[in-house]
Amino acid sequence: MDKSWMHSDRRSKAYEFGVEAFLNFAVENLLTTTHIRCPCVKCVNLKLFGVGIIRDHVYFNGIDQSYKNWTFHGEPWEATTNASRNVEEDDGHSRYSFVSEEIDMDDNDFGDFGSDPYEFANVIGDGDQPVYPGCRKYTKLSALVKLYNLKAKHGMSDVCFTELLILQGDLLPEGNTIPTSMYEAKKTLCALGLSYEKMHACPNDCILYRKEYEDSTNCPTCGISRWKEGKDSILKEGVPAKVVWYFPPIPRFKRMFQSHETAKSLTWHAARKSIDGQMSHPADSPSWKLLDDKWPEFGNEPRNLRLALSSDGFNPHSSLSSRYSCWPIILVTYNLPPWLCMKRKFMILTLLISGPKQPGK
C-alpha cells in the first residue's frame, strides 16, 4: 500500500485520501470501528478510539511518520535479519510460537512484552540497522544507547539532548537513522522493557511502603517517620526519607526466553552430564540437590529458574569525601552454563537502594 501520503501536507488531497484509505484498511483487517489504536503523534498507538476520533486526531495532530509498518492495524510484520536469526523457527512456525512452547505461556502472558510482541522485534531490527549507510562500527540502537548514557552521566536536560540529536543528524551523512527528538529516542528505548518503580522505604530497612503499608506515615516496626527530616528538625511531609528503585525482572526473563539459543542454554544444567565427578557448576552442589529433594515438583522442571542474589555498595560519584553510596541488588541466573551465567548481559539489576548504610535485610 502507498504510504507516501504520511509525509504530505495535512491540508492536501493526497493526505485526505491517504487517511481514508488507512482507516478503511484498519477496519477491514481488525473488523471493528470502535477499538482501533490511534497512530497520531500524541497517542502513538497507545490509546484506543473509534474511527471518527482517530480521523480527527490524525488531521489535527498528524500521523506518526515513524510508524511505517502498520502492524497494529492488520499489516503483516516485516522480518529483519537479526530477528529472524534469533526468534524464527526454520520449519515455518510463528515467530513467537517457540516462546510458548519453551515456557508454557498462553497468549495473555505476552502482556509484559509491551503493547505488542512485535514492538520488541522492531528494536532487534534497530540493532542490525547501521546508523548511516556504510557504517560498520555503530548501529542505530548502539549509537542511541551511547548518546543516552552521556545524557544520564552529565545530567543533560531533555531540550539539550533533543538539540544534540538534531546536530548529530546534520553532521552524519544523508540517510542516517539518528532520532530527531527526545520523544523518538524514548519510544525506541522503552520497547526494551527497562521500566522501574520507585518505592518509599523505612530508613531502618524494616518495610517498604506498599500493599497494606501504602498509606502509612510511620513504620509499624520501629515507629520512625516515613518523611525526611530537615535541618530544623521539621518533617518535610511528602518528601520520603528513603527511596528504593525496583526494576521488574519478569519481563527481562521473558526477553531471555524469546531468544531460541538463550532458551536452550537455560536448560543446559539438566542436559549435561558430570563425567569427572567434580563440581563444575552449581547443579553439582549439595544445595542444588537438597532443593530438588525438598521441592521435587519444582526440581523436575528444568526450565524453572535458579537465581542467586548478590549485593555490594559503591560510590557513584568516585569521591572519597562523599558518604553517599548505592547498593545494587543483582540476580544471577544459575541455569546457564558457567561460561555464560556470570556474563554482564545475563546479570539482572532488580533493586537500587541508596546508602550510605548497608541495606541489611
Side-chain angles (χ1 to χ4, degrees), residues 1-78 80 114-123 125-126 129 131-133 140-141 143-144 147-148 151 156-192 195:
M1 180 180 289
D2 180 24
K3 300 176 185 176
S4 59
W5 61 271
M6 296 171 66
H7 305 279
S8 302
D9 191 311
R10 278 181 268 169
R11 297 166 295 182
S12 66
K13 284 290 183 183
Y15 192 85
E16 180 183 347
F17 293 147
V19 170
E20 295 305 320
F22 167 77
L23 292 174
N24 291 335
F25 176 83
V27 170
E28 289 174 4
N29 285 277
L30 302 179
L31 302 178
T32 179
T33 58
T34 56
H35 298 89
I36 299 176
R37 293 183 182 272
C38 179
C40 78
V41 294
K42 289 188 176 180
C43 298
V44 288
N45 290 309
L46 297 177
K47 297 180 180 179
L48 300 172
F49 297 108
V51 172
I53 296 177
I54 292 176
R55 182 184 288 108
D56 293 340
H57 280 206
V58 173
Y59 276 119
F60 294 145
N61 304 326
I63 192 167
D64 179 10
Q65 295 186 5
S66 64
Y67 183 44
K68 298 175 182 178
N69 196 21
W70 297 342
T71 52
F72 294 108
H73 299 89
E75 189 172 43
W77 182 78
E78 295 176 2
T80 59
S115 55
D116 191 275
Y118 296 132
E119 185 180 4
F120 181 64
N122 288 333
V123 176
D126 290 338
Q129 188 177 10
V131 70
Y132 60 84
K140 176 184 177 181
L141 187 60
L144 183 55
L147 289 170
Y148 205 85
K151 174 192 181 323
M156 202 180 300
S157 69
D158 290 356
V159 175
C160 180
F161 188 64
T162 296
E163 292 183 1
L164 175 65
L165 290 175
I166 294 173
L167 178 61
Q168 288 278 356
D170 289 339
L171 292 174
L172 292 175
E174 189 175 348
N176 67 79
T177 56
I178 289 289
T180 57
S181 67
M182 178 67 184
Y183 165 75
E184 289 185 27
K186 274 188 174 181
K187 195 169 79 168
T188 300
L189 294 175
C190 283
L192 293 171
S195 59

Query raised in the report: Are side-chain N/O atoms of Thr71 and Asn69 paired as donor and acceptor at under 3.5 Å?
Result: no
To the closest 0.5 Å, what do you measure between [atom1] ([X]) and [atom2] ([Y])?
X      : Y      : atom1 : atom2 : value
Cys160 : Lys151 : SG    : NZ    : 9.0 Å
Met6   : Tyr15  : CE    : OH    : 8.0 Å
Phe22  : Arg55  : CZ    : CZ    : 11.5 Å
Leu141 : Thr177 : CG    : OG1   : 10.0 Å
Leu167 : Thr162 : CG    : OG1   : 12.5 Å

Is the shortest side-chain heavy-atom distance between [X] and [Y] below 4.5 Å?
X      : Y      : answer
Gln168 : Leu164 : yes
Leu147 : Ile178 : yes
Trp5   : Lys13  : no

What are the two closest non-hydrogen atoms of [X] and [Y], and how far apart are they?
X      : Y      : answer
Cys43  : Cys38  : CB-O, 3.5 Å
Ile63  : Val41  : O-CG1, 3.6 Å
Ile166 : Thr180 : CG1-O, 3.5 Å
Ser12  : Ser8   : OG-CB, 3.8 Å
Ala185 : Leu144 : CB-CD1, 3.6 Å

Using atom types as modelled and distance alone, determine if a side-chain donor or acceptor of [X] lies under 3.5 Å from a backbone N or O of [Y].
X      : Y      : result
Tyr67  : Asn45  : no
Arg10  : Phe60  : yes
Lys3   : Lys68  : yes
Asn176 : Pro173 : yes

Counterpart residues, side-chain hydrogen bond (donor to acceptor under 3.5 Å, both in side chains), relative to [X] (two or more places apart):
X     : answer
Gln65 : His7
Asp64 : Ser66, Lys187
Asn29 : none

Query - Centroid-centroid under 6.0 Å between His73 and Phe25 rings - result: no
